[in-house]
Amino acid sequence: MTTETSILEGELQARLQPIVERYRGKRGAVIPVLQEIQGVLGYLPRKALIFVATELSIPLAEIYSVVSFYSQFSTVPVGRHRLEVCTGTACYVKGSHQLLEELGEKLNLEPGQVSPDGRLSLATTRCVGACSMAPVLKIGEELYGEFTADKIEQLLGSLARREEADRE
Amino acid sequence: MFSKRRSEEMAPVDTLWEELKHAHIASPAERWILLCGGLPCSSTSCCEVKKATQDELDKHRLSLEIKEIGCIGDCSEGPTIIVYPEGVIYRKLKPDLAREIIREHVKAGNIVERLLRGDPEPREELRRREKMPFYRRQSRLVLRNCEVVKPDIEDYMKHRGYSALAYVLSQMTPEQVIKQVKLSGLRGRGGGGFPTGLKWEHMLGSPGEEKYVICNGDEGDPGAFMDRNLLEGDPHSVLEGMIIAGYATGAGQGFIYVRAEYPLAVRRSMQAIEQARENNLLGEDILQTGFSFDVELRTGAGAFVCGEETALISSLQGSRGDPEPRPPFPVQSGLWNLPTLINNVETLANIPIILLCGADSFAKIGTAGSRGTKVFALAGKVRHTGLVEVPFGTTLREIIYKIGGGIPGDKTFKAAQTGGPSGGCLGEQHLDLPLDYDSLLDIGSMIGSGGLIIMDEDTCMVDIARYYLDFTQDESCGKCTPCRVGTKRLLEILTRITHGEGQEDDLERLEYWGRLIKNTALCGLGRSAANPVLSTLRYFKSEYVAHIRDHYCPAGVCERLNRPRINQEICRACGLCARICEAAAISGSKETGYRIDPALCTACQRCLEECPFEAITGGEKVHA
């Protein structure tokens, strides 16, 4: 057991331990624990799943069955900016599938892929409930309504400026 | 006949609404500014608009309140501000326009006519929010707070918030509460339409040391956003309904289950729970009445099936969201095998209204089998999109044309999709059908949670059926074979039809598989998964036939079936196209006019280029 948890050395262990502690002893805690860990790491690496399984005494297979069932969870890294095209009905009727295709061409990414520098990833999301603004592009918690592929350069520019500002 | 019944039934809505509205604008003479802070508005630079408004007010030393409310539901037009007491609504704002409004309207007292937007209403109707058809024709009971009350407890309490709860806890027994809910005729707003009072009664009678109340906010239907709006704009109403449900059914613990895709709704619900705790409206010995109840918030993790109540329970227990066969029903054996009441967000938001205004008044709204109002999420090819609350029994025509302003761009209406992936598509023949639970079931659709997507002539109905099956097939949990395999087969058949590879007997096959799934799937979502196919087959069969027999997509959506068409009004029947067509796909005469046989056409586009009158359009080059 110690060999498994020891993979989580240093900072990672320090970041995940408090999450597990907060839910220890609570029934049905697996999903909120995984959600919080993904919130910290951006995705769920195998070693984090082993950590949860060990700490909460739940078989790893059961953890995997949960992770693979829910679309929110990702076991592969995602970009720092996750571009998600809404696939809701209103968005579909207003051409979200074309938007996804055009964004893919412009960014040279397939849905589900991450750019080599780890900065951008392209994906789809289930309906975000902003149907009046269809088609919608979601980045993090922000929504960009009535989005067209030709607006992407401008948007990437403003993301870059924000990154710059964050660094300073 | 219907219009007469309707007008009789409209009156109580207005009285109820008037009564509730009086509590709202405490001092009508007061000047204040409302700013919409819903998710769509706040993602369209509403922060900058708010800052600009505040800066300008400060600059002119005007001290009046900017009230940021949850969401007014007019989402296509944000960011929005409303200037009171006139109630003038300014939409699609930019920071500099907001500054101009403060200078011109608030300071100098002149309405900025130039900035009133909202074609096609006459200008004078735009000056006041309540005169605009989009609002005027609605009956906003459940949404009443979303447009005037801030989503915090102080403002909610100023508007009779938690007074229903206080009354219930001090004056009523659980049985009396249930009796009122039963009398009101309220039915579940999540889709099933089960009578709420009856469910509560079963729950009260169900023995168990501990019992749970779950608020189902897993609004997974694509194209629905009623619950998002309510949780963002009026979370305390939902919470109040939940505490009352707990009291009436003997539960001590509640859970609000919200989709992870709704971050703002999650934050506002969390804040509402904390504020209620601080005010002794949750926790031990609520309002010193001896009743204890607490609520925990859980977020979904992205699974459509979790909207089904037994699957939601599995998810709360930390497992995959697999549904269980019923019976036993959750009210008998639910979360941790204990009695569990599951109600939808909008259902719970109706509870304080029923208790404030009386079950009798409430039961006068709507139709015989469907009492009260329903919030629809109007979206798609319609001029004004957003939330629309109307009494049950309102027609599609009223919603689409009178409230929604009709179809944009001179296109014609083709279909309205109700109930998301569990519902069906209605056609032109249904425009005058009074919408309620039973009328929609009769024609093979359902009210569902209230998603209402409008489609025009440019939407292909086969493609829409394929879209929904793609969704349900992907979201099927896989537990039962009819849904897991059946949706896959349906999708395969629909896909080949949209690719022009459909077979003559595919329609029968779709019908067969659809009925099989409907009759044998495990959960409600599985059993209704074929509805989009069966309803489009029923009302739009000719489109399927055109795809299969003529290899032609009438809406021009299915890429591989897009063929050039001759516009008969422009065509002079010169016959040039028929002479140059290498595939011999064009035939006709001077008398009958010319037509292109889509089955023979190779979409080479020569006719399109050569036509001297530009009468031929469409037909992207076929890839294959």
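Side-chain atoms are counted along with the backbone in the values below, which use heavy atoms only and exclude waters and symmetry mates. Just so it is clear: chains get the letters A, B, ... in the order the sequence lines come, proteins before strands, and each one is counted from 1.
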I need the A/E84 CD to B/E261 CD distance, nearest 0.5 Å. 8.5 Å

B/E296 versus chain A, heavy atoms under 4.5 Å apart: side chain, backbone, both or neither? side chain

Measure distances from B/A224 to the heavy atoms of chain A and classify the residue's part below 4.5 Å as side chain, backbone, both or neither. backbone

Could you pull out the closest heavy-atom pair between B/G223 and A/C127, with the gap in Å? N-SG, 3.2 Å

Heavy-atom proximity to chain B below 4.5 Å, by part of A/S65: both

Is chain A contacted by the side chain of B/V305, its backbone, both, or neither, given a heavy-atom distance below 4.5 Å? side chain

In terms of heavy-atom pairs under 4.5 Å, which option from B/P263, B/G478, B/G420 contacts chain A the most? B/P263

So, do B/I454 and A/V93 sit near enough that their side-chain heavy atoms are less than 4.5 Å apart? no

Any idea which heavy atoms bring B/G300 and A/Q72 closest together, and the distance? O-OE1, 3.5 Å

From NE2 (A/H97) to CG (B/D470), nearest 0.5 Å: 11.5 Å

Answer key: most heavy-atom pairs under 4.5 Å with chain A among B/M226, B/M455, B/E219, B/R259 is B/R259

For chain B, the option from A/Q35, A/Q38, A/R27 that forms the most heavy-atom pairs under 4.5 Å: A/R27

Minimum heavy-atom distance between B/T299 and A/I31, given as atom pair plus value: O-CG2, 4.4 Å

Taking side chain as everything from C-beta outward and backbone as N, CA, C, O, which of these in B/Y468 sits under 4.5 Å from a heavy atom of chain A? Side chain, backbone, both or neither. side chain

Quick check: are there more than 12 heavy atoms from other residues, nucleotides or ligands sitting under 6.0 Å from CG of A/N108? no

Can you tell me which portion of B/D463 sits under 4.5 Å from chain A's heavy atoms? Options are side chain, backbone, both or neither. both

Where do A/A90 and B/G380 come nearest, in terms of heavy atoms and distance? CB-N, 4.3 Å

Hey, is CZ on A/R46 packed in by over 12 heavy atoms from elsewhere, all under 6.0 Å? no

Can you tell me how far the CG atom of B/L452 sits from the SG atom of A/C131, to the nearest 0.5 Å? 11.0 Å

A/T87 and B/Y467: side-chain hydrogen bond (donor to acceptor under 3.5 Å, both in side chains), yes or no, with the steps? CA-CA 10 Å; A/T87 57; B/Y467 164 80; 5.3 Å; no

Residues, nucleotides or ligands: over 12 heavy atoms within 6.0 Å of A/K151 NZ: yes

Look only at the side chain of A/Y70 and the backbone of B/G321, and say whether a donor-acceptor pair between them is shorter than 3.5 Å. yes

Please state whether the side chain, the backbone, both or neither of B/L316 comes within less than 4.5 Å of a heavy atom of chain A. backbone

Salt bridge or not for B/E475 and A/R126, using N-O below 4.0 Å? yes

Gap between atom CG of B/D458 and atom NZ of A/K94 - 0.5 Å precision: 12.0 Å

Chain A shares the most heavy-atom pairs under 4.5 Å, among B/G386, B/S319, B/A260, with B/S319

Euclidean distance, A/F69 CZ relative to B/S315 OG, rounded to 0.5 Å: 8.0 Å

So, B/R228 side chain and A/G129 main chain: donor-acceptor pair closer than 3.5 Å or not? yes

Does CD belonging to A/E21 count more than 12 external heavy atoms closer than 6.0 Å? yes

Relative to chain A, which segment of B/I464 carries a heavy atom at a distance below 4.5 Å: side chain, backbone, both, or neither? side chain

Contact class of B/C477 relative to chain A, heavy atoms under 4.5 angstrom: both

